[in-house]
Amino acid sequence: MLKQLSPDTAMKLAKELGIPIEQLVHTPRHIVLAKLAELANKQTPQSESHEQEESNKESDA
């Protein structure tokens with residue numbers, strides 16, 4: 001259970017994970033952490049490619 005989250009953090013996390021906040025607070029911590037890791041892995045390739053595009057634009061200028 002995630003009892004140590006602030007209400008604001010819990011709301012943001014539930015929104016990112018696409019689950020109701022009531023479900024989030026009763027979900028075991030290791031499952032929530034695994035879902036967060038999946039989200040981070042999905043976002044990392046996008047941000048890396050965006051950074052590469054920007055560095056390419058700067059070098060072309």
Side-chain angles (χ1 to χ4, degrees):
M1 287 188 193
L2 299 172
K3 295 181 181 182
Q4 299 169 340
L5 291 177
S6 70
D8 186 46
T9 302
M11 288 173 34
K12 289 178 183 178
L13 187 54
K15 183 179 177 182
E16 283 293 317
L17 294 175
I19 60 175
I21 194 166
E22 295 84 8
Q23 182 180 346
L24 175 68
V25 297
H26 294 292
T27 303
R29 184 179 184 156
H30 69 279
I31 293 174
V32 174
L33 292 176
K35 288 183 179 185
L36 283 174
E38 289 175 15
L39 282 175
N41 287 337
K42 288 179 184 177
Q43 292 176 354
T44 300
Q46 294 172 355
S47 64
E48 287 177 358
S49 65
H50 181 68
E51 289 174 5
Q52 288 176 349
E53 289 173 10
E54 287 192 10
S55 67
N56 288 342
K57 288 178 186 176
E58 291 174 0
S59 64
D60 290 343

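Being a predicted model, the structure only gives us computed values, none of them experimental.
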Completion exercise
One should read off an interatomic distance between Leu13 CG and Leu24 CG, to the nearest 0.5 angstrom, of 5.0 Å

Handout entry: Linked hydrophobic residues, Ile21 as query - side chain contacts closer than 4.5 Å
Key = Met11

Handout entry: Between OG1 on residue Thr27 and CD1 on residue Ile19, distance to nearest 0.5 Å
Key = 4.5 Å

Practice task
Look up atom CG in Leu36 and atom CD1 in Ile31, then write down how far apart they are to the nearest 0.5 Å.
Solution key: 12.0 Å

Practice task
Return the minimal non-hydrogen interatomic distance between Ala14 and Pro20, and the atom names on each side.
Solution key: CB-C, 4.3 Å

Exercise for the section: Not counting sequence neighbours, list each pair that qualifies as a side chain to side chain donor-acceptor pair (under 3.5 Å) and has a residue in residues 8-17. Expected result: Ser6-Thr9, Asp8-Lys12

